[in-house]
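In this chain, residues are counted from 1 in sequence order.
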Amino acid sequence: RALCFADRVVVAIAHRATQSKRGLFSVPERLEILRAVFADEPRVEAVEFDGLLVDFADRVGATLVVRGLRGAADFEYEAQMARMNRALRPALETVFLAAAPERSFVSASLVREVASLGGDVSGFVSPVVMRRIRERGSGAV
C-alpha cells in the first residue's frame, strides 16, 4: 500500500528489534522471505540495519517512514517513536497505515502461537511464509 504514495519502498529489518522480541525467523531468513514475496516488484527493496532508524533513513535517502497500526495501543507506541524520530530528524515524516479491519487482530506472536499449536495460519501470511513455517514443523515455531 505504501507504493501508492512513494516511488520506492525500503523494508528495513532492524537487528535490535529482533533481539528484543523472539522472532520465528532470523534476520537473513526474513530478508530472503521479503525478497521472495516482492520478487516481481522492483520498487520494493528489503535490507537490514543496525542503530537508529533516522540514521538508516539518511543513508538510504528516505524522507518518509511508513508504519502499520492495528489499533489504539499500537498508535500510542508508534506516535511516541514518531515524535522521537522527528525530534532527531525534523525532515523525516512518519505516516501511519491502519490495518484492514478484518486483519486488525493479527500479530506475529499470535500467528506464531497458533502455528505452534498446529492451527492453520495460511489466511494470515504469504504463501512463502506459510511454506517456511511448514518446513520448520509446528513444534519448531
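- The CG atom of Leu69 sits 10.5 Å away from the CD atom of Glu76 when rounded to the nearest 0.5 Å.
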| said: Let's go through Leu24 and Ile133 carefully: what are the C-alpha distance in whole Å and the side-chain angles of both, what is the deciding distance for side chain to side chain contact (heavy atoms under 4.5 Å, CB included) to 0.1 Å, and is it a yes or a no? | reply: CA-CA 9 Å; Leu24 177 57; Ile133 289 172; 3.8 Å; yes
| field | Worked check of salt bridge (Lys or Arg N to Asp or Glu O under 4.0 Å) between Arg136 and Glu29 | value | CA-CA 12 Å; Arg136 292 204 176 203; Glu29 288 172 317; 2.4 Å; yes
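- Residue Val65 is not grouped with residue Val44 when hydrophobic side chains (ILVMFWY) are merged at heavy-atom distances under 4.5 angstrom, including chains of intermediate members.
- Taking every heavy atom of both residues into account, Leu64 and Leu92 meet most closely at N-CD1, 3.8 Å.
- Residues satisfying the side-chain contact (heavy atoms from CB on, under 4.5 Å) test with Val106, not counting sequence neighbours, are Arg103, Val111, Phe124.
- Contact record, Arg8 with Val60: NH2-O, 2.6 Å, taken as the closest heavy-atom pair.
- A pairwise comparison of heavy atoms in Ser104 and Ala99 identifies CA-CB, 4.1 Å as the closest pair.
- For the atom pair Glu32 CD and Phe25 CZ, the distance stands at 10.5 Å (nearest 0.5 Å).
- Cluster partners of Tyr77 are Met81, counting Ile, Leu, Val, Met, Phe, Trp and Tyr whose side-chain heavy atoms approach within less than 4.5 Å, directly or via other members.
- Contact check for Phe49 versus Arg59: side-chain heavy atoms found under the 4.5 Å cut-off.
- Using modelled atom types, one side-chain atom of Arg35 and one backbone atom of Ala46 make a donor-acceptor pair closer than 3.5 Å.
- A continuous path of ILVMFWY side-chain contacts below 4.5 Å connects Val37 to Val121, so both sit in one hydrophobic cluster.
- Remark: side-chain polar atoms of Arg131 are not paired, donor with acceptor, to backbone N or O of Ser126 under 3.5 angstrom.
- For the residue pair Glu113/Ser116, the side-chain donor-acceptor check at 3.5 Å is not satisfied.
- With Glu135 contributing its side chain and Arg132 its backbone, the two residues share no donor-acceptor pair below 3.5 Å.
- Linking Ile, Leu, Val, Met, Phe, Trp and Tyr whenever their side-chain heavy atoms come within less than 4.5 Å puts Val129 and Leu110 in one cluster.
- Taking the charged nitrogens against the carboxylate oxygens, Glu78 and Arg70 have no contact shorter than 4.0 Å, which rules out a salt bridge.
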| message | Checking Ile13 against Leu34 for the side chain to side chain contact (heavy atoms under 4.5 Å, CB included) test, could you report, in this order, the C-alpha distance in whole Å, the side-chain angles of both residues, the deciding distance, and whether it holds? | response | CA-CA 10 Å; Ile13 301 173; Leu34 279 164; 3.5 Å; yes
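- The cluster map of Ile, Leu, Val, Met, Phe, Trp and Tyr, joined by side-chain heavy atoms under 4.5 Å apart, puts Phe56 and Leu88 in the same cluster.
- Using a 4.0 Å cut-off between charged nitrogen and carboxylate oxygen, Arg30 and Glu48 do not count as a salt-bridge pair.
- Counting all heavy atoms, side chain and backbone alike, Arg89 lies closest to Asp58 at NE-OD2, 2.6 Å.
- Heavy-atom neighbours of Arg67 CZ from other residues, nucleotides or ligands within 6.0 Å: at or below the threshold of 12.
- By the 4.5 Å heavy-atom criterion applied to side chains, Leu97 and Phe5 are counted as neighbours.
- Follow the hydrophobic side-chain contacts under 4.5 Å out from Leu3 and you reach Val11 in the same cluster.
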